[in-house]
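Reviewing the structure listed below.
Within every chain, numbering begins at 1; the chains are lettered A, B, ... in the order of the sequence lines, protein sequences first and strands thereafter.
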There are 2 protein chains.
Amino acid sequence: MKGSLLPSIQTSKKRPTAPETRQRILDAAAHLFKDAGYAAVSLRGIADMAGMKAGSVYYHFKSKEEIVLEVLNTGIERVHDAVQSSYDDARESRSGSRIISECVKAHLNTLLAHSDYTSANVRIYGQVPQTVQLDAKIVRRKYESLWDEILGSVKAAGQLNETVDLRLFRLMLIGSLNATLEWFDPEHGNVEELANGYLEILLNGLME
Amino acid sequence: MKGSLLPSIQTSKKRPTAPETRQRILDAAAHLFKDAGYAAVSLRGIADMAGMKAGSVYYHFKSKEEIVLEVLNTGIERVHDAVQSSYDDARESRSGSRIISECVKAHLNTLLAHSDYTSANVRIYGQVPQTVQLDAKIVRRKYESLWDEILGSVKAAGQLNETVDLRLFRLMLIGSLNATLEWFDPEHGNVEELANGYLEILLNGLME
DNA sequence: GTCTATACCGGGATAGAC
DNA sequence: GTCTATCCCGGTATAGAC
């Protein structure tokens with residue numbers, strides 16, 4: 001499941017060409033998108049950062065939409081992989097709070113420190129054309145399912161407050177984690193501390 | 001403190017003209033901005049929804065930036081007023097959870113059901129030019145201060161978990177509330193139920 | 001106070017030389 | 001595989017008639 005199954009946006013079969021240049025374009029696009037949003041980023045700007053002229057980009061991609069779709073999907077694939085891997089490791093512990101903690105840290109680290117693709121996804125998903133959103137939704141949903149599986153397994157082990165609505169909690173959790181993008185600066189703050197602070201509130205609650 | 005004190009963006013002194021038409025333009029802009037983002041909305045689109053031609057808008061506003069700045073500030077003023085009012089009412093109860101609950105409900109109701117201006121602010125703040133962001137930051141900070149006051153008063157009454165970092169909690173709280181904009185549909189769901197679900201997790205925590 | 005007309009710019013995208 | 005040149009469109013903003 002690399003970049004496969006992209007219904008509406010035509011991703012020209014298999015690109016036989018220059019995987020390295022392709023990457024440079026995608027890296028540049030992800031970096032610019034996460035800072036400036038979708039519409040504000042021009043192909044000229046992307047090309048410039050990738051060290052080429054705008055026209056040359058079209059040898060590698062059919063359109064701006066094809067570029068952004070690949071950025072979007074790569075972004076989710078990266079958090080998905082990171083969280084899946086943390087989940088696989090932590091589930092042996094059979095500790096619900098341990099499992100959730102590790103997965104939250106994986107999500108935050110990928111989002112804030114490791115991947116422009118993931119932060120670009122969070123930042124611009126709501127700004128891209130509907131057709132792109134529709135295509136990107138497939139991979140997104142798989143990521144949501146992963147979290148439902150994680151939280152479901154903890155609940156099944158009887159380690160969760162019975163009254164908590166899992167879907168609602170997942171939405172709140174991912175939403176609050178993604179919202180850190182608006183204010184957290186990884187240059188200044190420490191992601192581990194951030195995660196611990198959030199987890200304390202989420203796991204134990206606010207009230208005395 | 002209506003729309004006063006706007007340093008960088010020149011808001012032409014005092015508009016002696018047609019407050020009603022002005023409102024129509026701002027209403028249209030807020031509505032379009034909250035759905036499509038900043039760059040994707042054109043002055044032609046705003047004018048169209050306000051029932052006029054693009055050129056006419058410039059009789060009322062100097063630029064797109066002046067329009068968006070006013071939308072942004074109005075959006076914060078509205079949540080601020082709503083939350084302040086709920087806070088004033090609920091503080092008599094001297095119940096920390098009651099106070100927080102009412103203020104959270106006021107924020108969510110304004111954001112999701114009552115004000116396009118507030119949702120526009122949350123949605124597009126990160127997309128507008130730096131100059132506009134800088135000007136809009138003043139009003140934003142006052143709103144953050146209000147929440148610091150609310151949470152601080154509850155903590156001072158000894159009703160909060162001692163270990164909770166108030167600034168971090170404020171960021172997490174507002175972030176998670178604002179993130180509901182991405183998925184919650186007020187036509188389908190009930191804001192009161194949403195608020196109750198969030199509050200249960202935030203106040204009591206997730207773990208058994 | 002709103003209109004039409006238009007200037008001006010920068011966007012995405014294509015064609016063809018190299 | 002990248003370049004230059006160019007097309008076409010739609011954006012913001014202005015000028016001047018009404």
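- For H60(B) and dC3(C), the NE2 to C1' distance is 12 Å, given to the nearest whole Å.
- Judged by distance alone, the side chains of Y87(A) and S153(A) do bring a donor and an acceptor atom under 3.5 Å apart.
- The distance between atom CE of M52(A) and atom P of dT2(D), rounded to the nearest whole Å, is 4 Å.
- Electrostatic pairing of D148(B) and R167(B) does not count as a salt bridge here, judged by no charged N lying under 4.0 Å from a carboxylate O.
- Judged by the 6.0 Å distance and 45° axis criteria, K64(A) is positioned over the aromatic ring of Y38(A).
- Atom CG of D48(B) is separated from atom P of dG11(D) by 11 Å (rounded to the nearest Å).
- Note: I67(B) CD1 to L72(B) CG = 12.5 Å, rounded to the nearest 0.5 Å.
- A salt bridge links R24(A) to E20(A): one of the charged nitrogens lies within less than 4.0 Å of a carboxylate oxygen.
- An OP1 or OP2 oxygen of dG1(D) is reached within less than 4.0 angstrom by a side-chain nitrogen or oxygen of Y59(A).
- Ring geometry, Y143(B) versus H107(B): the interplanar angle falls under 30°, so the pair is classed parallel (tilted spans 30 to 60°).
- One atom, CG of L32(A), and another, C1' of dG11(C), lie 15 Å apart when rounded to the nearest Å.
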Base-contact (B) and sugar-phosphate-only (S) positions in nucleotides 12-18 of chain D, heavy-atom cut-off under 4.0 Å, - elsewhere:
BBB----

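- The nearest whole Å value for the distance from the CD1 atom in I67(A) to the P atom in dG11(C) is 14 Å.
- For the pair F61(B) CZ and dT2(C) C1', the interatomic distance rounds to 15 Å; values are reported in whole Å.
- Between R22(A) atom CZ and dT2(D) atom P the separation is 13 Å, expressed in whole Å.
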